[in-house]
*Asks:* 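The structure's right below; bear with me while I get my questions together.
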2 protein chains.
Amino acid sequence: MINEIPEISLKRLPVYLNYLRNLDKEKNKYISSGAIALALGMGEVLVRKDLAYTEAVGRPKIGYLTEELITALESFLHCNEVRNAVIVGVGGIGRAILGYGGFKNYGIEMVAAFDSDEKKIGTTVAGKPVLSTTEFKSGLKQYNADMAVLTVPASAAQAVANELYEAGIKAILNFAPVQLTYPKHVIVRNIDVAARLAVLSTLIK
Amino acid sequence: MINEIPEISLKRLPVYLNYLRNLDKEKNKYISSGAIALALGMGEVLVRKDLAYTEAVGRPKIGYLTEELITALESFLHCNEVRNAVIVGVGGIGRAILGYGGFKNYGIEMVAAFDSDEKKIGTTVAGKPVLSTTEFKSGLKQYNADMAVLTVPASAAQAVANELYEAGIKAILNFAPVQLTYPKHVIVRNIDVAARLAVLSTLIK
C-alpha cells in the first residue's frame, strides 16, 4: 500500500489528520471530502483521491464517519506505533526540536541527541541524553532509533550523514542547507527555512 | 515571469543555486543541466525546464556558464535585494531562527521579533529587538518588513495570523501545526517538522 501512494499525497495526510483532530466531534460526526477540501483550500477530487489511499470508506452524500477517518489516517501514518528518532547537532534548532512536543501526535519520540562538542556530551537537553557523534552505531541501537533529524552546520552535514548511513540510519530529515548524497536504502529529505522564505518572497514580488 | 513559474519549480531554484554556489568554480566554469541533475538525483528534463524560467541561456553540448547561471538564479530569487522578515513567537524555534545565519544567502534579513510575553518585550535576541504583538502594524512599518515566520503555539496561531493580516503582512511561513485560513492577498506556507518526520517514518515502513 505504502509503495503505491505518491509522496506528494502522503505529505498531505498529516494535514488532513491535523484538521480532523481539531474538529468539534460533537458537531461533526460525519465529514465529507468536500468539506475538508473547502476548509483547507484544496480541490475536492484531490482530497478524495488522497483519502482513498487509506482504508477509510466514505458514504455517498454523507461522507466519512469522522472518527473512522481519523483512525484510518492514524493507522496509515503508523501514529499508534512508537518510532524513535534522534537529533544530530545540539545547536539552536536542534535544541528547539528536542523540546518540541508535537512529535507525539504521530507516535514519534525524540529519544536522544548526538553532538561532537565534549562540553555537551553527557549532558541532557529537554531531558534527552546527548551522546557523542563517535557513537552513532551503539547509540542508535541502544535507543532503538532509525531516523535522525540533522541539524549540524552545512560544512559538516555530508560527513556526519555518511557516518549515519554507516551506522544503519534509515531516514534523515536534514536542516542543513546542502543537498546530501545518500545510498539507495536511505531516505533523505530537506527542510531549508531560508530557501522557503526566499520562495515566499519571490511569490509576493 | 513569476506568475508563470509553478511553485513546485520555484521551490527547486534555491536547491540549484545552493548546489552551484558550492561548486569549485575553477573546475566547473561550465555546467550542464545533465550534470546538475546527476548531482542532485533529479531528472535532466526537469532541471532544464526549471532553469528555463530564469534568463540563463545554456549552450548545446557545453551547458551554462556557471557564474551566469548563478547570477540568473539570484536575480530570479531577488537575492540581491534586501527583504526584511520578522519572527513572531520567541520560543525555542523562534530563537533558533533569529540566530540562524543562512537567510543572508537569499538577501533576507531577520530584522525584529514579536512576542506577547512582557518579560521578553524590550529585550534583544541574537541582536534583534523583541517588540510587543500589540504593535504589529507600527513594528512592521518601522522595520519595513512584509514577511513573518510564525512560531507561536498552535492554539494561538490563527488569532495571531489574523492580526498580522490586519497589519498588512504579505507572506507567512508557519511553523505551528495548524492549517491557517488566510485572505487572498496573503500567502501562507507551512513547515510542520513532526508531520515531515511522520511521512519519512511511513516511507521506511
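As a basis for the values below, the full set of heavy atoms in this structure was taken, side chains included, without hydrogen atoms, waters or symmetry mates. Lettering of chains follows the sequences in order, A, B, ..., and the numbering in each one begins at 1.
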*Asks:* Does a side-chain heavy-atom distance below 4.5 Å link A:Leu40 with A:Arg12?
*Replies:* no

*Asks:* Could you please state which residues from residues 149-159 of chain B sit under 4.5 angstrom from chain A, measuring non-hydrogen atom to non-hydrogen atom, sorted by number, or 'none'?
*Replies:* B:Val149

*Asks:* Does A:Glu44 have any side chain to side chain contact (heavy atoms under 4.5 Å, CB included) partners at least two apart in sequence or in another chain, and if so, which?
*Replies:* A:Ser33, A:Ala37, A:Arg48

*Asks:* Which region of B:Ile108, side chain (C-beta onward) or backbone (N, CA, C, O), has a non-hydrogen atom less than 4.5 Å from a non-hydrogen atom of chain A, or is it both or neither?
*Replies:* side chain

*Asks:* Please round to the nearest 0.5 Å and tell me the distance separating atom CD1 of B:Ile172 and atom CG of B:Leu164.
*Replies:* 5.0 Å

*Asks:* Give a yes or no on whether B:Lys25 atom NZ has more than 12 heavy-atom contacts from other residues, nucleotides or ligands under 6.0 Å away.
*Replies:* yes

*Asks:* Could you tell me which of A:Asn18, A:Val199, A:Leu197 has the largest number of non-hydrogen atom pairs under 4.5 Å with chain B?
*Replies:* A:Leu197

*Asks:* State, yes or no, whether a side-chain contact exists between B:Val111 and B:Asn144 at a heavy-atom distance under 4.5 Å.
*Replies:* no

*Asks:* Closest heavy-atom contact between B:Val186 and B:Ile169?
*Replies:* CG2-O, 3.5 Å

*Asks:* Taking every heavy-atom pair that is under 4.5 Å apart, which of A:Pro14, A:Ala195, A:Ala171 has the most such pairs with chain B?
*Replies:* A:Ala195

*Asks:* Could you please state which residues from residues 82-106 of chain B sit under 4.5 angstrom from chain A, measuring non-hydrogen atom to non-hydrogen atom, sorted by number, or 'none'?
*Replies:* B:Arg83, B:Ala85, B:Gly92, B:Ile93, B:Ala96, B:Ile97, B:Tyr100, B:Gly102, B:Phe103, B:Tyr106

*Asks:* Select, from A:Ala194, A:Ala198, A:Gly41, the one with the greatest count of heavy-atom pairs under 4.5 Å involving chain B.
*Replies:* A:Ala194

*Asks:* What residue pairs, at least two apart or across chains, pass salt bridge (Lys or Arg N to Asp or Glu O under 4.0 Å) with a residue in residues 160-177 of chain B?
*Replies:* B:Asp146-B:Lys170

*Asks:* Tell me, for B:Asn190 versus chain A, whether the close heavy atoms (under 4.5 Å) come from the side chain, the backbone, both or neither.
*Replies:* backbone

*Asks:* Identify which part of A:Leu77 has an atom lying under 4.5 Å from any heavy atom of chain B, answering side chain, backbone, both or neither.
*Replies:* both

*Asks:* Between the main-chain N or O of B:Val130 and the side-chain N or O of B:Lys120, is there a donor-acceptor pair closer than 3.5 Å?
*Replies:* no

*Asks:* Please report the C-alpha distance between A:Phe114 and A:Phe136 in whole Å, then the side-chain angles of each, then the deciding distance to 0.1 Å, and finally whether the ring-ring contact (aromatic ring centres under 6.0 Å, His included) criterion is met.
*Replies:* CA-CA 8 Å; A:Phe114 291 88; A:Phe136 280 142; 4.9 Å; yes

*Asks:* When you measure from the side chain of B:Lys205 to the backbone of A:His78, do you find a donor-acceptor pair of N or O atoms at a distance under 3.5 Å?
*Replies:* no

*Asks:* Donor-acceptor check, side chain of B:Thr66 to backbone of B:Asn28, threshold 3.5 angstrom: yes or no?
*Replies:* yes

*Asks:* Take A:Tyr143 and A:Lys128 through the test side chain to side chain contact (heavy atoms under 4.5 Å, CB included) and record every step on the way to the result.
*Replies:* CA-CA 11 Å; A:Tyr143 288 94; A:Lys128 312 301 162 57; over 6 Å; no

